[in-house]
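Reading through the structure tokens given below for one structure.
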Amino acid sequence: MKQNVKTLDEYMGEIKDGKRRFENAFQTITRMILDGDDMIEKVNVNGKQTFDFNIFRQGKKHMVGMYDEINSFVNFVKDAAEGGSSNEMAFILVGEPGNGKTFFVEYLCSLYRNFLELEENKKFTFQFKGLDKLASYGKIDTIESQSYEDPMILAMSMMPTKNESIKFLQEMGFTDEQLEQIYSNYRPLGACSSYILNDLRKFTGGDIEKIKEMIEVVEVPMSETLGTVTGKYPAKDKITSSAVDLLGEESIQRLLHITDTNNPYRFDIRRGALARIAGGGIHFSDELFRNKKDLVQVYLGVIQNRTIEVDGYKWPIDALIIGTSNNSVFNKFLLEEEEAPIVDRCRVCYVGHNTNYKLQNELTRYAIGSKNKKTLMGEVLHEDPNLVYAASLTAVLSRLPRVEEKLTPIEMMKLAAGEQAGEKSIKTLAEVIDRLMYEPDVTKRFGQKGIGQRNLGRAIQKLLETSETNEGKCLYAEDFFKAMGQVILDYVPDSNDRTKYLDDIKIAKSLYRDKIMEEMFNAYMDEPMAIKKDVMNYVNMIIGVGAEHLGPDKVWKYKDPQTAELKAIKIDEKYVNSVEERLGLKSNEQKETFRTTIRKIYGQKVITDPNYDFMDNNQLVKAVTDVRLKSDIAGAGSLIGALANRTNEENQKLYDRMIDTMANKLNYCPTCAQRTIEYFCTKQDEK
């Protein structure tokens, strides 16, 4: 039994009463993205303010980053919804493999299907029934609109002329304002629907009530696998691809029933991918420019005219056409000047890699996977708490250009993540990005080249297959660098890129080394936040040094921005000077300049983020770590010696206590705890 079947009058009544909407695909997608409370937020990305759309940040596996690209897409769709030039164009995402192009389109399609499953947004089409009574249709009883046309498209063509159809709708109770809005999305009926409607007029003698009895309104099936509403056409090789895959072809089965050879219903356009999304859907052409030329020419006609055309018959379509391409294929296509018309009909959006290492943590988590992993022997596989950090650093550093005269890779990485980078400001990064935007070679622009998600996934796979991982039952972070190095050698063809990426691994390892120093201090102090507390102690001390009401006891009282409680701290000038000496600050002028910078940062940050802790200031954190290791443990060398040489009972107790803290408070397992301590005891990767 058919579900949700209506008469044409019932459907028109719902449109008239505002229970349903008659709108085009662009209007529906725009409404999906923008309508509702708190759907738009302002964010600061690389020193520039832009918009973020919350619908793309929903769900367990949502979009990460891609702020500029999503902004371009939303403005494209909004312009098309408002009748701009975008409604005659396709939106094409161009970029390196593994940077999220296909994921974005598939995520968008998933959002759209979910949106259309809501009762008030459901899509309907119409079908003609009782056609077996007409001699020319043989045993065919029911014919559904092949391009899933909205019933209002039928209503606007119900009478032989446009004026008569408008009068028909006025008699149905539509106001002039409603009709103006409806006719703004007018398009003629498709060839077969128009032909069949004309046959019904002849059969019924033009009796509109009898015609309506032979029409019923049905729900459009919302199925990802059927390719209705959202459909994908992947590029195929030259032998197997055909325009039939997009447009459809003549149906032998239908010709056995239809005696009138002029009837366009003899063409099965649903055999093609376009007809199934023609009623307000999204057509996704994956690797558009890999298709052979005649297929690309088909796309040109479809994009420009928004029609499916077969042997002179036309079926108007209402759809967002979105495609992807990688840089190399797109560049080859551009060189063929005779293909310029298709590019002219495309809004090209160059998609960069994510360059925010904090956001990359989420993408790295996607690459690792959400399910619990096991060894080959079926035992639970632990994950080193530093693995995501190590992998994210490596991926992001590879995506940053080399501009030594302005910013070092580490400074650029920190600024791109919204962190402090010493005296360098976010304006410097914005200037670098603006300058690179004028590079004619797109791959030289900011974030356009680097290690993508696929190679990141390959590195995780290589890490999983090693004997060390399986025997130790742990995905140990340091082993990731070796796995990524192998992936770079195996999968990056350009020698210059390989050299750069291998250098980026060295930089990532030096930052990883600093992280391990912090972890070792926290483990030694038996306190997960020990180093963070000491950094904030230094900051509070240098703020207190200049306080007016500081007494001879050197105790300064201040209001904690996180808890709003009054706290007291004794200023230890020896500690402050030791930290500043580690930072290389010799003279009083240098020290005061540095202190002024820290006070300024604190004043700016604490207003917007009371939890700001200065842990993004690598130099300060490293200096505090070194000082604490020196003062509390008589030098890092002594701790290394104690951990490396456990021949006496005291050293063994220290080692056991640190292993216990790492396991119970810092999320390490026996394997990664032991190997991390061994790594700490070496001189590897020191700057």
Side-chain angles (χ1 to χ4, degrees), residues 385-386 389-390 393 408 410-411 413-414 419-423 477-478 506-543 545 569-588 590-595 597-598 601-602 613-645 651 654-655 657-658 661-662 666 673 676-687:
N386 300 309
Y389 177 77
L393 285 182
T408 67
I410 293 175
E411 288 171 339
M413 181 191 77
K414 295 178 82 59
E419 295 182 346
Q420 297 296 319
E423 296 177 358
E478 195 206 348
K506 292 176 184 176
I507 299 169
K509 288 183 83 173
S510 70
L511 292 170
Y512 170 72
R513 175 82 190 183
D514 292 343
K515 182 84 159 53
I516 296 305
M517 293 285 283
E518 296 168 27
E519 294 282 291
M520 287 297 99
F521 179 69
N522 291 340
Y524 175 78
M525 296 298 291
D526 195 24
E527 167 60 62
M529 299 297 172
I531 197 66
K532 186 185 291 186
K533 288 179 180 178
D534 282 330
V535 169
M536 287 311 297
N537 281 342
Y538 168 80
V539 173
N540 286 319
M541 283 179 192
I542 65 166
I543 293 171
V545 164
I569 186 171
K570 185 175 177 65
I571 295 171
D572 183 351
E573 290 186 1
K574 185 180 177 184
Y575 170 62
V576 170
N577 287 324
S578 296
V579 171
E580 289 167 353
E581 284 171 14
R582 286 280 179 176
L583 286 163
L585 307 172
K586 305 294 184 185
S587 66
N588 289 332
Q590 288 176 320
K591 290 179 181 181
E592 193 52 45
T593 302
F594 179 76
R595 291 179 187 183
T597 303
I598 294 294
I601 292 168
Y602 184 83
D613 54 18
F614 281 88
M615 291 302 286
D616 59 351
N617 192 322
N618 285 61
Q619 289 178 311
L620 178 58
V621 172
K622 188 175 187 307
V624 171
T625 306
D626 289 345
V627 168
R628 280 305 188 203
L629 285 172
K630 181 180 179 181
S631 61
D632 291 353
I633 318 164
S638 297
L639 178 59
I640 290 170
L643 294 172
N645 180 20
N651 288 356
L654 171 64
Y655 178 84
R657 181 175 67 77
M658 288 181 65
T661 300
M662 292 172 78
L666 302 177
T676 300
I677 288 175
E678 288 174 3
Y679 176 74
F680 171 68
C681 291
T682 68
K683 293 288 185 181
Q684 281 179 254
D685 309 317
E686 287 189 346
K687 290 180 185 175

Subject >> Partner set under ring-ring contact (aromatic ring centres under 6.0 Å, His included) for Tyr512, not counting sequence neighbours >> reply: Phe481, Tyr679
Counting distance only, does the side-chain N/O of [X] pair as donor-acceptor with the main-chain N or O of [Y] below 3.5 Å?
X	Y	answer
Asn522	Ile531	yes
Arg657	Tyr524	yes
Glu411	Thr408	yes

Original post:
Between Val621 and Phe614, what is the shortest heavy-atom contact and its length?
Top reply: CG2-O, 3.8 Å
Original post:
Between Arg595 and Glu580, does at least one N-O distance fall below 4.0 Å, as a salt bridge requires?
Top reply: yes
Original post:
Hey, is Lys622 close enough to Glu518 for a salt bridge, meaning N to O under 4.0 Å?
Top reply: no
**OP:** Take atom CD of Glu592 as the centre, draw a 6.0 Å sphere, and report whether it contains more than 12 heavy atoms from other residues, nucleotides or ligands.
**Re:** yes
**OP:** Can you establish whether the number of heavy atoms outside Lys506 located under 6.0 Å from its atom NZ is more than 12?
**Re:** no
Subject >> side-chain contact (heavy atoms from CB on, under 4.5 Å) involving Asp572 - partner list, sequence neighbours excluded >> reply: Met541, Lys574, Tyr575
So how far is it from [X] [atom1] to [Y] [atom2], rounded to the nearest 0.5 Å?
X	Y	atom1	atom2	result
Lys509	Ile516	NZ	CD1	12.0 Å
Met662	Met520	CE	CE	3.5 Å
Asn617	Leu583	CG	CG	8.0 Å
Met413	Leu511	CE	CG	5.0 Å
Ile410	Ile507	CD1	CD1	6.5 Å

